[in-house]
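Remember, it's a predicted structure, so these values are computed and weren't measured experimentally. The chains referred to below are lettered A, B, ... by the order of the sequence lines, with proteins before strands, and numbering in each begins at 1.
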Protein chains: 2
Amino acid sequence: MDPKKADIPEEPKSTRDRLIDAAMRLFVENGFEATGVSAILQSAGVRSGSLYYFFKSKEELLIAVLERYVDLLRPVILEPAEAATDDAVERVFALLTRYRSFLEETGCRHGCPIGNLALEISDHHDTARSLVLKNFDNWCAGVEKWLQDAGDRLPRDLDRGELARFVLTVMEGAQMQAKAEKRIEAYDKSVAQLRSYFSCLEQIARTETKS
Amino acid sequence: MDPKKADIPEEPKSTRDRLIDAAMRLFVENGFEATGVSAILQSAGVRSGSLYYFFKSKEELLIAVLERYVDLLRPVILEPAEAATDDAVERVFALLTRYRSFLEETGCRHGCPIGNLALEISDHHDTARSLVLKNFDNWCAGVEKWLQDAGDRLPRDLDRGELARFVLTVMEGAQMQAKAEKRIEAYDKSVAQLRSYFSCLEQIARTETKS
DNA sequence: GTCTATAAGAGGATAGAC
DNA sequence: GTCTATCCTCTTATAGAC
């Protein structure tokens with residue numbers, strides 16, 4: 001427990017935060033379109049007057065949700081992976097293990113909330129789409145940093161940014177299948193293949209260093 | 001042109017087929033929830049009475065769409081890749097090039113229709129979900145066959161089925177990002193990394209064969 | 001098999017009192 | 001900032017004539 005926080009009594013969440021919390025949960029469970037405003041209101045214990053006092057539309061609430069994800073990325077996703085290990089490469093797999101936990105805890109119903117929204121909204125909600133990109137970009141920047149820290153454990157001419165993108169690609173593709181199958185198996189197998197790729201890259205880097 | 005087909009005059013499509021065609025197009029463009037029955041009717045030039053004569057609900061129409069995808073997989077996806085090259089490994093990348101075309105032709109709005117639906121419907125439409133799985137499974141079975149044909153070009157102890165799954169993972173994750181970004185770049189970079197992985201595997205297989 | 005008309009309800013959003 | 005009541009549109013789906 002963070003002592004700095006323990007001193008401050010838990011303030012009851014604001015109405016606005018409760019709405020964002022409820023929307024975040026329902027959007028990832030049911031998707032944006034399939035989630036009714038009334039369900040959000042009920043889940044947050046709020047009346048419609050209040051929702052439309054804070055947000056001018058359901059889409060604005062979605063935007064607030066995606067901004068919240070941007071804020072949560074570092075403390076909830078990246079930092080735990082950095083705390084898990086000092087090994088630069090292992091941080092990548094600690095991250096993937098964390099997403100695995102999200103899947104397991106929910107019977108493979110949730111995986112990556114951003115990915116789930118990305119496909120649904122990218123055509124018709126352009127502001128939301130740009131926030132999806134911001135989440136993806138920040139995620140990749142975090143992973144790229146680790147891959148740069150890996151130094152000569154990876155091949156010299158390997159583009160760290162491209163490999164970071166590839167890690168996102170694998171995570172998203174893998175969670176999609178786990179969600180569709182409601183089983184973790186495809187996720188694990190995909191991560192195993194990614195691990196195998198990393199092993200190959202590290203092997204190549206070792207022969208480079210010798211010469 | 002297939003002469004066998006050229007002899008048969010193009011029969012006007014049945015109402016049922018027109019409905020499936022229209023739904024297929026609209027579901028991939030806008031998603032399942034965001035597509036109204038009225039839009040399907042208008043696009044197909046059909047009245048609601050006819051739709052509900054053939055399908056008992058919008059969900060049954062979705063199921064028909066997913067069954068159509070099952071039927072189209074071999075002729076539209078797998079066979080063109082097999083026709084493109086006799087090289088077993090290159091067939092995998094011919095397949096990925098074909099999905100790239102789908103993305104390019106639509107300004108990255110469509111990629112894999114199944115993947116787009118998978119995340120949206122997997123929670124609440126269980127029959128549809130099982131058809132998504134059938135599409136994924138058949139796709140992977142096709143790719144796995146090619147990887148088996150590759151024989152000792154791939155490492156002996158490498159699980160061909162697992163690698164085929166990984167190809168699907170990469171394709172889905174890559175098209176998700178291309179769709180979110182409305183740019184093909186992330187797709188190309190992901191496929192480039194997959195190519196790099198295959199190169200590593202082939203290199204390993206070569207050293208195995210020598211010994 | 002297809003048409004028109006419409007039911008029945010849920011959807012998002014607003015008004016105005018408090 | 002929050003409440004109740006409600007508007008209006010759009011949604012899926014049905015009824016019954018042709």
Side-chain angles (χ1 to χ4, degrees), chain A residues 10-68 117 120-121 123-129 131, chain B residues 10-68 117 120-121 123-129 131:
Chain A
E10 276 292 317
E11 292 193 30
K13 288 207 172 185
S14 73
T15 300
R16 188 173 185 279
D17 279 344
R18 291 216 313 283
L19 284 164
I20 294 177
D21 286 351
M24 195 159 19
R25 186 158 24 80
L26 290 167
F27 288 166
V28 70
E29 276 172 17
N30 308 321
F32 175 72
E33 294 287 347
T35 299
V37 169
S38 61
I40 298 168
L41 294 172
Q42 187 171 8
S43 171
V46 165
R47 304 293 175 276
S48 79
S50 297
L51 190 158
Y52 288 100
Y53 172 78
F54 292 108
F55 307 99
K56 105 171 181 298
S57 68
K58 183 185 172 187
E59 185 174 4
E60 283 227 333
L61 179 54
L62 168 65
I63 287 164
V65 166
L66 286 166
E67 282 167 345
R68 167 79 58 92
L117 287 171
E120 188 177 1
I121 63 169
D123 277 337
H124 292 286
H125 305 274
D126 222 63
T127 309
R129 188 179 73 88
L131 282 164
Chain B
E10 278 291 316
E11 292 193 30
K13 288 205 171 185
S14 73
T15 300
R16 187 174 186 280
D17 279 344
R18 292 215 313 283
L19 284 165
I20 294 177
D21 287 350
M24 194 159 20
R25 187 158 23 80
L26 290 166
F27 288 166
V28 70
E29 276 172 15
N30 309 322
F32 175 71
E33 294 287 347
T35 299
V37 170
S38 61
I40 298 168
L41 295 172
Q42 187 172 7
S43 171
V46 165
R47 305 289 174 276
S48 80
S50 296
L51 190 157
Y52 287 99
Y53 172 80
F54 291 108
F55 307 98
K56 104 170 181 298
S57 67
K58 182 185 172 186
E59 183 173 7
E60 283 229 332
L61 179 53
L62 169 65
I63 287 163
V65 165
L66 286 165
E67 281 168 346
R68 168 79 58 92
L117 286 171
E120 187 177 2
I121 62 167
D123 279 335
H124 292 285
H125 304 274
D126 222 63
T127 310
R129 188 180 73 89
L131 282 163

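Atom P of nucleotide dA13(C) and atom CG of Leu62(A) are separated by 12 Å, given to the nearest angstrom. Computed from coordinates, the Asp17(B) CG to dG1(C) P distance equals 12 Å when rounded to whole Å. At whole-Å resolution of the value, CD in Gln42(B) and C1' in dC3(C) are 17 Å apart. Taking atom NZ on Lys13(A) and atom P on dG1(D), their separation rounds to 17 Å, with Å as the unit. In this structure, Arg16(A) places its CZ atom 11 Å from P of dG1(D), rounding to the nearest Å. Rounded to whole angstrom, the span from the CG atom of Leu26(A) across to the C1' atom of dG11(C) amounts to 16 Å.
Between Lys58(B) atom NZ and Ile63(B) atom CD1 the span is 13.0 Å, to the nearest 0.5 Å. Atoms CG and OG, from Asp21(B) and Ser14(B) in turn, are 8.5 Å apart once rounded to the nearest 0.5 Å. How far CG of Leu66(A) is from CZ of Phe32(A): 9.5 Å, rounded to the nearest 0.5 Å.
Phe54(B) pairs in a side chain to side chain contact (heavy atoms under 4.5 Å, CB included) with only one of the listed residues (Ile20(B), Leu19(B), Asp17(B)), which is Leu19(B).
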Donor-acceptor contacts, no H, no angles, side chain residues 34-47 of chain A, under 3.5 Å, sequence neighbours left out:
unit_1	atom_1	unit_2	atom_2	d
Thr35(A)	OG1	Leu26(A)	O	3.2
Thr35(A)	OG1	Gly31(A)	O	2.6
Ser43(A)	OG	Arg25(A)	NH1	3.2
Ser43(A)	OG	Arg25(A)	NH2	3.2

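A search for salt bridge (charged side-chain N to carboxylate O under 4.0 Å, His left out) contacts involving Asp126(B) returns Lys182(A), Arg129(B), not counting sequence neighbours. Among residues two or more places apart in sequence or in another chain, the side chain to side chain donor-acceptor pair (under 3.5 Å) test is passed with Glu59(B) by His125(B). In terms of the side chain to side chain donor-acceptor pair (under 3.5 Å) criterion, Glu60(A) has no residue partners (sequence neighbours excluded).
Residues from residues 30-41 of chain B placing a heavy atom under 4.0 Å of any atom in DNA chain C do not occur. Of all the residues in residues 44-55 of chain B, Arg47(B), Ser48(B), Gly49(B), Ser50(B), Tyr53(B), Phe54(B) reach under 4.0 Å from DNA chain C with at least one non-hydrogen atom.
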